[in-house]
Amino acid sequence: MAGLVMLWLTAPVLVLLPLSFSGRRSFRFPPDTWSLRWYENFFTDSTWHASLLTSLKVGLLSTAASMILGTMAAFALHKLYFSGKAFVTGFLLAPMIFPGVVSAIAIFGVYLTWHISGTLTGFVAAHTVLSLPFVIVSVRSALRIFDWELEKAAASLGASPFETFRLVTLPLILPGVLIGGLFAFVISFDEVVVSLFLQTPFVRTLPVQMYLSVTESIDPTVAAASTIIVIVTVASILISMLFWQKRKTSDA
């Protein structure tokens with residue numbers, strides 16, 4: 001049964017990969033001719049190239065912002081006790097459970113007032129909000145197994161709070177921070193609903209360009225773009241798993 005479920009989930013990817021190497025300008029499966037023309041078109045066409053660069057810039061900037069803010073929020077939620085803590089926690093994690101279209105409409109409405117819709121700043125801010133919960137959850141998981149006596153030992157030896165965090169705490173919770181950052185990048189790189197509301201002809205992410213390509217024309221370049229996204233996503237997950245396994249082995 002598990003094998004059938006895995007086959008059902010991976011079947012679209014198995015169909016997509018051959019289509020990206022088709023030599024015809026159609027979605028015929030299996031392809032009767034083979035070519036790299038669609039990958040060449042993806043990296044040389046200005047529209048696809050610009051959307052890829054936009055996705056990378058937005059993904060990297062939002063990942064950096066969510067790692068910093070998420071780590072700070074996780075520390076505050078873990079160490080501080082205050083009235084309304086459950087509400088604050090739910091508020092910060094809400095983007096994980098809200099439907100994407102609800103978040104998109106809300107963000108779009110606010111951005112119209114702030115006049116940042118269709119800007120790189122707007123994209124980064126929106127993607128940071130969407131990816132922040134994943135960093136918070138990952139860092140809080142790392143903090144639950146952190147030995148807080150190490151901070152007391154560092155303080156007793158004369159280390160300042162900043163030195164204690166930089167030299168003791170951060171290196172030990174770094175796997176949680178990095179894994180949260182990888183999830184944040186994947187979420188940002190794959191986001192389409194919110195990006196569809198914020199896009200303009202001049203600022204457009206790769207998933208939005210793929211959506212418009214499917215709805216407006218028949219261009220097999222979208223198959224090449226989809227394959228690249230799958231590779232990036234799988235590589236990110238594998239890197240996080242290998243890093244975590246290596247960390248566990250070194251700790252053992």
Side-chain angles (χ1 to χ4, degrees), residues 2 5-6 9 58-100 102-103 124-155 159-191 193-194 229-252:
V5 172
M6 292 178 61
L9 294 176
V58 172
L60 293 174
L61 291 174
S62 62
T63 297
S66 61
M67 288 174 67
I68 296 173
L69 297 176
T71 301
M72 295 170 61
F75 262 87
L77 294 174
H78 189 83
K79 300 189 70 173
L80 301 181
Y81 297 92
F82 53 90
S83 177
K85 181 178 179 179
F87 173 79
V88 173
T89 302
F91 180 79
L92 291 174
L93 301 182
M96 296 181 68
I97 59 176
F98 276 0
V102 174
S103 300
V124 172
H127 285 210
T128 299
V129 170
L130 296 177
S131 57
L132 187 64
F134 296 89
V135 179
I136 294 176
V137 170
S138 179
V139 176
R140 290 191 72 185
S141 299
L143 291 175
R144 289 192 183 97
I145 61 175
F146 178 74
D147 186 1
W148 295 99
E149 296 297 324
L150 296 175
E151 283 195 344
K152 296 180 181 180
S160 65
F162 176 75
E163 290 175 334
T164 300
F165 175 79
R166 182 173 62 89
L167 300 176
V168 178
T169 309
L170 183 59
L172 293 177
I173 67 169
L174 188 60
V177 177
L178 294 179
I179 290 175
L182 282 173
F183 276 108
F185 180 79
V186 171
I187 293 297
S188 174
F189 198 78
D190 195 46
E191 168 56 41
V193 179
V194 174
I229 287 183
V230 170
I231 292 174
V232 171
T233 303
V234 172
S236 300
I237 296 175
L238 290 178
I239 289 173
S240 64
M241 292 176 61
L242 291 175
F243 182 85
W244 185 256
Q245 186 64 34
K246 183 178 179 180
R247 183 78 179 188
K248 290 175 60 177
T249 303
S250 61
D251 291 342

*Asks:* Which heavy-atom pair separates Val194 from Ala126 by the least distance, and what is that distance?
*Replies:*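 For Val194 and Ala126, the tightest heavy-atom pair comes out as CG1-CB, 4.0 Å.
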*Asks:* What distance separates His78 NE2 from Thr89 OG1, expressed to the nearest 0.5 Å?
*Replies:*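 Result: 12.0 Å between the selected atoms.
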*Asks:* List, one per line, each side-chain donor-acceptor pair under 3.5 Å for residues 62-77, sequence neighbours excluded.
*Replies:*
{"residue": "Ser62", "atom": "OG", "partner": "Val58", "partner atom": "O", "Å": "2.7"}
{"residue": "Ser62", "atom": "OG", "partner": "Gly59", "partner atom": "O", "Å": "3.2"}
{"residue": "Ser62", "atom": "OG", "partner": "Ser188", "partner atom": "OG", "Å": "3.3"}
{"residue": "Thr63", "atom": "OG1", "partner": "Gly59", "partner atom": "O", "Å": "2.6"}
{"residue": "Thr63", "atom": "OG1", "partner": "Phe185", "partner atom": "N", "Å": "3.3"}
{"residue": "Ser66", "atom": "OG", "partner": "Ser62", "partner atom": "O", "Å": "2.9"}
{"residue": "Ser66", "atom": "OG", "partner": "Thr63", "partner atom": "O", "Å": "3.0"}
{"residue": "Thr71", "atom": "OG1", "partner": "Met67", "partner atom": "O", "Å": "2.6"}

*Asks:* Side-chain contact test, heavy atoms from C-beta onward, threshold under 4.5 Å: evaluate it for Trp148 versus Lys79 and give yes or no.
*Replies:*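 Counting from C-beta outward, Trp148 and Lys79 do come under 4.5 Å.
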*Asks:* Write out all pairs satisfying salt bridge (Lys or Arg N to Asp or Glu O under 4.0 Å) with one or both partners inside residues 124-148, taking only residues at least two apart or from two chains.
*Replies:*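 Of all non-adjacent pairs touching residues 124-148, none passes salt bridge (Lys or Arg N to Asp or Glu O under 4.0 Å).
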*Asks:* Tell me every residue that passes side-chain contact (heavy atoms from CB on, under 4.5 Å) with Ala159, counting only those two or more places apart in sequence or in another chain.
*Replies:*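 Expected list: Ala154, Glu163, Thr164.
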*Asks:* Rounded to the nearest 0.5 Å, how far apart are CZ of Phe134 and CG of Leu93?
*Replies:*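 Spacing of CZ (Phe134) from CG (Leu93) equals 9.5 Å.
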*Asks:* With sequence neighbours excluded, what pairs up with Val129 under the side-chain contact (heavy atoms from CB on, under 4.5 Å) test?
*Replies:*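 Per chain and number, Val129 pairs via side-chain contact (heavy atoms from CB on, under 4.5 Å) with Pro95.
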*Asks:* Which pairs would a plain distance check flag for residues 166-177, meaning a side-chain donor or acceptor within less than 3.5 Å of a matching protein atom at least two apart in sequence or in another chain?
*Replies:*
{"residue": "Thr169", "atom": "OG1", "partner": "Glu151", "partner atom": "OE2", "Å": "2.6"}

*Asks:* Could you work out, with salt bridge (charged side-chain N to carboxylate O under 4.0 Å, His left out) as the rule, every residue matching Lys85, not counting sequence neighbours?
*Replies:*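 Result, salt bridge (charged side-chain N to carboxylate O under 4.0 Å, His left out) vs Lys85: none returned.
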